[in-house]
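All remarks here apply to the structure that follows.
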Amino acid sequence: MADFLLDDLNPQQRLAVTAADGQVLVLAGPGSGKTRVLTRRLAYLIDRKNVPAYDIIAVTFTNKAAREMENRVSNLVRANIDGIWLGTFHAMCARLLRRESASLPFTSNFVIFDSDDQETLVKRAMRELKIDEKMHRPASVHAAISAAKNDLLGPTEVQTRNYREEVVARVYALYESMLRTNNAVDFDDLLLWGAKLLRENPAIREKYASKFHHVLVDEFQDTNLAQYELLQHLSSLHQNIFVVGDEDQSIYRWRGADYRNVLRFEKDFPKCEKILLEQNYRSTQVILDAARGVIDQNHNRTPKHLFSERGAGNKIIKYDGVDDHAEAGFVVDTIAGYLGGKKSKASDFAVMYRTNAQSRLIEEAFMHAGIPYHLVGAQRFYGRREVKDIICFLRLVENPADEVSLQRVVGVPPRGIGEKTIQNLQAAANQAGISSGEALLDLGRSNEKSVFWPLIGRSAGLLADFGAQLAEWCTLKEKLSLVNLFERILLDVGYENYINDQTDEGIDRWENVEELKRLALDFQERGLTEFLQNLALVSDQDTIEDQEEQPQAEDTSSVTLLTLHAAKWLEYRQVFIVGMDEGILPHSRSRDDPEEMAEERRLFYVGITRAKDQLYLVRAERRSTFGDYDYGDPRAFCRISTTGSSSTRANAAPPAEPARKRI
DNA sequence: TCGCCAAGACTTTTT
DNA sequence: GTCTTGGCGA
């Protein structure tokens, strides 16, 4: 009898999908049908094992992956799957924290600070502590705090072996208390508090551990320590945990991801069933062999023998341009050649690079040649100034205690309120033991009669005006629909005039505001709170790639330009990896650290395995960096077999020539 | 307080 | 090369 759930799976995939209860570790090479296995497993549990959907939690790393999985599973099973907990780690944790806020130091309507907000708050903490921002850059202090949180370390638990670490600890402590007064959590907190909550409250832990009979995890190699602990707690009772990942594709170490969680899993669950998915449905054997030549140099992993039934395929083509212009020229000329032949369309091609800065020259070359192209993930919609402005206005209306938003929008557009006035407001509010937002609202209500009036100085009137404005919005929040509130705020502050100066840039910015308004329209029924939460947790990559899913007319097809990191989910017939120079790929900052070099190899590996038919490795003899020219050195990563005849050839390459001098 | 100019920085960016 | 930041004058 035909079985649509299992028939089209290969033996390894079927083994994984139908595995017995317990712990299952699926190591899935690139293009081996990882998503398919995960969705079929979910469908199998629900449809064949009669597991109710609400007994299952399945976590992914992107909203897009979660949405896709939900759609596919609901198409595969007869049962209704509404009760399933399916989403990103962060969204699942946000839900958990809102439900259990009684046991937490914030209320259930907490706001979520994104990385920009985090950095703003770090800066404020540093100023308050009078720490020199030249010596300790806020970005790096922020990174240190974030890393500590990913390792589940609180402000009193971080190491203070030297002055720098001590500075970080002090900033961390103040930063943390500032989050509390803002009733806010940051991205990292969602995971940290989630793990802490379950660790320290046995009753709550048991509640969820008994609820979730099955725990499923996607992209397991990119979990951090907090996520790992979370998974342990959630599966602590029923012990049914099914994880899918590939340690060779772990490329987010700098954000706390630790591929060694795969090893940890094997150690913590010695009885786990380990299944390797090695049949690749994407690439030719030549490409897979090249990829293997790169990745086999890494340690602490399970070796995999990726194979393809697609045959050897074309040789990998290497190209050394004289400079970066020649590099871009080669890419564009090659693609132009194919497009002239009519057999290929622009969307068959992708150009991948290590750093975003490399895209500029390539873009110019495409523009010059008149070939349509688009960038993936370069300009983050939610990171745009105008988008962030509006979000902060809305956040302030939702939660006037949000000091980060207040500070941002109090002078947008400029209304005569500057640094000094804000400082006075903060000091006055501090003294009264309330937030600046509350003090501002009081000023708006009582004007000169407010106790804060004399403490502000010259601009008290301006501040009171803004406070009254904010108070009005807060009242309107209850009466108007989300979109009407949105429009009202824009109108009240004259935002369109401010942002749209009729230049191309101004028009573009205003269009972004309108795009945000369209998004708000989808949340008319759910309201402001949910809209804001969604904005915090649904970001960037999700929205951009959605357009890819619905390719429009043929003539809009274009070449894709993207960083190697952004390439992870994608595949193309022909892939160009450019900038194959020591210092760029592998990146110079990785040179001295073997773990970092291993990550560069994984990044390269991810890039190689995106190619279905044809791979090009391109480099330049010299390239301009920040104005003047540098000579590159084609070391480690250019030693790669182009014919696939021997995957060990990459290791046996002659030693690299010494780096050439710079002119 | 705001807007302009010069100086300095500059890997990657699932949430 | 280009974006952000900080200092200074109007």
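First the proteins, then the strands, lettered A, B, ... as listed; each starts at 1.
For the pair A/R526 and A/F523, the distance from NZ or CZ to the six-membered ring centre is under 6.0 Å and the angle to the ring normal is within 45 degrees.
The side chain of A/P414 lies closest to B/dC2, out of B/dC2, B/dT15, B/dT13. When each of B/dT14, C/dT2, B/dT13 is scored by its nearest atom to the side-chain atoms of A/R360, the top-ranked nucleotide is C/dT2. Candidate nucleotides B/dT15, B/dT14, C/dG6 were compared by shortest atom distance to the side chain of A/Y252, and B/dT14 ranks first.
Residues A/H233 and A/E229 have side chains that bring a donor and an acceptor to within less than 3.5 angstrom of each other. For the residue pair A/D389 and A/Y495, a side-chain donor N or O sits within less than 3.5 Å of a side-chain acceptor on the partner.
Computed from coordinates, the A/Q221 CD to B/dT14 P distance equals 15 Å when rounded to whole Å. Taking atom CD of residue A/E119 and atom C1' of nucleotide C/dT5, one finds them 13 Å apart after rounding to whole Å. Atom CG of A/D117 and atom P of B/dT15 are 16 Å apart (whole Å). A straight line from CG of A/L96 to P of B/dT15 spans 20 Å, rounded to a whole angstrom. Separating the NZ atom of A/K388 from the P atom of C/dT4 is a distance of 14 Å, rounded to the nearest angstrom. Atom CG of A/D246 and atom C1' of B/dT14 are 16 Å apart (whole Å). In this structure, A/F604 atom CZ and B/dT12 atom P are separated by 19 Å, rounded to whole Å. Rounded to whole Å, atom C1' of C/dG1 lies 15 Å from atom CG of A/D323.
Residue whose closest nucleotide on DNA chain B sits further toward the 5' end, between A/L603 and A/F61: A/L603. Mapping A/T88 and A/R137 onto DNA chain B via the closest heavy atom, the residue that lands nearer the 5' end is A/R137.
Between A/T563 and B/dT13 there is a side-chain polar atom (N or O) within less than 4.0 angstrom of OP1 or OP2. For B/dT12, the OP1/OP2 oxygens have no side-chain nitrogen or oxygen of A/K568 closer than 4.0 Å. In this structure, A/N356 reaches the B/dT13 phosphate: one of its side-chain N or O atoms is under 4.0 Å from OP1 or OP2. Contact between the side-chain N/O atoms of A/T355 and the OP1/OP2 oxygens of B/dC10 is not found at any separation under 4.0 Å.
The pair A/D248-A/R602 fails the salt-bridge criterion, with no side-chain N (NZ, NE, NH1 or NH2) lying under 4.0 Å from an Asp/Glu carboxylate O. For A/E128 and A/R124, the salt-bridge test fails: no basic side-chain N is under 4.0 Å from an acidic carboxylate O.
The residue A/T421 sits close only to the backbone: its heavy atoms come under 4.0 Å of sugar-phosphate atoms, none of a base. A/R602 comes within 4.0 angstrom of no nucleic acid atom, judged by non-hydrogen atoms across all strands.
Across the C1' atoms, C/dC3 and B/dT14 are found 25 Å apart, a figure rounded to whole Å.
Using modelled atom types, one side-chain atom of A/N182 and one backbone atom of A/M178 make a donor-acceptor pair closer than 3.5 Å.
Side-chain N/O atoms of A/R255 and base N/O atoms of B/dT15 include a donor-acceptor pair closer than 3.5 Å.
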